[in-house]
Novice: 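So that we are looking at the same thing, I have put the structure below in structure tokens.
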Amino acid sequence: MTSIKDLYPDKWLRPEHFTGKRPRVFIAAATIEHLFNPRTRRNEPKIVVAFHGKTLRPVCNQTQAHALAAITGSQEIEDWQGHEIVLSIATAPNGSPTILITGAPTNNPTTITTENA
């Protein structure tokens, strides 16, 4: 049997794609795409992030864009390439599921000394 998903596969990464996983991914590119906003009925610029080895890409909202800027240390989206992040499901202030973007934990634990305690 042929399903609609076979004919029209998802293009954008959404919270329902996670099924309990918290993938660690490397940013391959961050670009600006003009996407249709049904509320304003206009095309608007949005940040879209691509990941190494993945086909689905998230369309970033303002919170996610600021999280990526904080994680990468740059407001310039071109500087985000190569950074490792963790994706997970969270709940937005309006109660809708959303994608939470956090920095990937480092493999080297921080040693606490009296100097940095």
Side-chain angles (χ1 to χ4, degrees):
M1 299 187 112
T2 303
S3 76
I4 293 172
K5 291 284 185 187
D6 294 333
L7 295 172
Y8 308 106
D10 287 334
K11 182 176 180 180
W12 307 116
L13 184 63
R14 294 186 170 89
E16 57 264 20
H17 292 121
F18 286 91
T19 62
K21 298 176 187 168
R22 292 177 40 108
R24 286 175 72 147
V25 293
F26 284 94
I27 298 173
T31 58
I32 301 293
E33 293 191 26
H34 292 273
L35 303 174
F36 183 73
N37 182 337
R39 281 187 241 153
T40 62
R41 296 186 179 151
R42 294 186 204 181
N43 283 338
E44 297 179 355
K46 298 288 183 180
I47 297 172
V48 177
V49 180
F51 304 118
H52 288 284
K54 307 293 182 187
T55 55
L56 296 177
R57 304 173 301 153
V59 177
C60 292
N61 61 30
Q62 189 173 4
T63 301
Q64 294 160 336
H66 284 288
L68 285 167
I71 292 163
T72 62
S74 177
Q75 296 282 322
E76 307 295 326
I77 66 172
E78 295 81 8
D79 295 338
W80 298 355
Q81 181 177 357
H83 287 270
E84 187 177 20
I85 59 173
V86 177
L87 305 174
S88 58
I89 299 175
T91 303
N94 67 2
S96 299
T98 189
I99 297 172
L100 178 66
I101 299 173
T102 55
T106 60
N107 291 334
N108 301 332
T110 302
T111 304
I112 298 177
T113 64
T114 56
E115 296 169 29
N116 64 6

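Side chains are part of it too, since the values below use all heavy atoms of this structure and drop only hydrogens, waters and symmetry mates. We number each residue from 1, following the sequence as shown.
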Novice: Mind checking whether Leu100 and Leu56 sit in one hydrophobic cluster, side chains of I, L, V, M, F, W, Y counted as touching below 4.5 Å?
Specialist: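 Per the 4.5 Å side-chain linkage, Leu100 and Leu56 are not co-clustered.
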Novice: Side-chain polar contacts of residues 25-38 - donor-acceptor pairs under 3.5 angstrom, sequence neighbours left out - could you list them?
Specialist:
| unit_1 | atom_1 | unit_2 | atom_2 | d |
| --- | --- | --- | --- | --- |
| Glu33 | OE2 | Arg57 | NH1 | 2.7 |
| Glu33 | OE2 | Arg57 | NH2 | 3.3 |
| Asn37 | OD1 | Arg39 | N | 2.8 |
| Asn37 | ND2 | Glu44 | OE1 | 3.1 |
| Asn37 | ND2 | Glu44 | OE2 | 3.3 |

Novice: With sequence neighbours left out, write down each residue that passes side chain to side chain contact (heavy atoms under 4.5 Å, CB included) with Ser3, or none if nothing qualifies.
Specialist: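 If we apply the side chain to side chain contact (heavy atoms under 4.5 Å, CB included) test to Ser3, skipping adjacent residues, the hits are Lys5, Asp6.
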Novice: State yes or no: do Val49 and Ile89 share one hydrophobic cluster built from I, L, V, M, F, W and Y residues joined by side-chain heavy-atom distances below 4.5 Å, directly or via other members?
Specialist: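 Same hydrophobic cluster.
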Novice: Using the salt bridge (charged side-chain N to carboxylate O under 4.0 Å, His left out) rule, collect all pairs that involve residues 65-75, keeping only residues at least two apart or in two chains.
Specialist: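 Salt bridge (charged side-chain N to carboxylate O under 4.0 Å, His left out) check on residues 65-75 returns no pairs.
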Novice: Any pair with a residue in residues 45-54 that passes side chain to side chain donor-acceptor pair (under 3.5 Å), sequence neighbours left out, goes on the list, sorted by first then second residue, please.
Specialist: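 Those involving residues 45-54 do not exist here.
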Novice: Shared ILVMFWY cluster between Ile101 and Val48, side chains joined below 4.5 angstrom?
Specialist: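 Different clusters.
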Novice: My understanding is that only residues two or more places apart in sequence, or in another chain, count here; which of them pass side-chain hydrogen bond (donor to acceptor under 3.5 Å, both in side chains) with Thr2?
Specialist: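 Result, side-chain hydrogen bond (donor to acceptor under 3.5 Å, both in side chains) vs Thr2: none returned.
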Novice: For residues 12-20, please give each side-chain donor-acceptor pair under 3.5 Å, one per line with the distance, not counting sequence neighbours.
Specialist:
| unit_1 | atom_1 | unit_2 | atom_2 | d |
| --- | --- | --- | --- | --- |
| His17 | ND1 | Arg14 | N | 2.9 |
| His17 | ND1 | Arg14 | O | 3.3 |
| His17 | NE2 | Asp10 | OD2 | 2.7 |

Novice: Can you give me the closest heavy-atom contact between Ala92 and Thr98, atom names plus distance?
Specialist: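 The answer is N-CG2, 3.8 Å.
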Novice: Could you give all pairs that pass the salt bridge (charged side-chain N to carboxylate O under 4.0 Å, His left out) test and reach residues 67-88, with sequence neighbours left out?
Specialist: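 Those involving residues 67-88 are Arg24-Glu84.
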Novice: Going by atom type alone, with no hydrogens or angles, which donor-acceptor pairs under 3.5 Å involve a side-chain atom of residues 59-71 and a protein atom two or more places apart or on another chain?
Specialist:
| unit_1 | atom_1 | unit_2 | atom_2 | d |
| --- | --- | --- | --- | --- |
| Asn61 | OD1 | Thr63 | N | 3.1 |
| Asn61 | OD1 | Gln64 | N | 2.8 |
| Gln64 | OE1 | Asn61 | N | 2.8 |
| Gln64 | NE2 | Ile99 | O | 2.8 |

Novice: Give the other cluster members for Met1, using side-chain heavy-atom distances under 4.5 Å between Ile, Leu, Val, Met, Phe, Trp and Tyr residues; answer none if it is isolated.
Specialist: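 Taking Ile, Leu, Val, Met, Phe, Trp and Tyr as members, Met1 stands alone, with no cluster partners.
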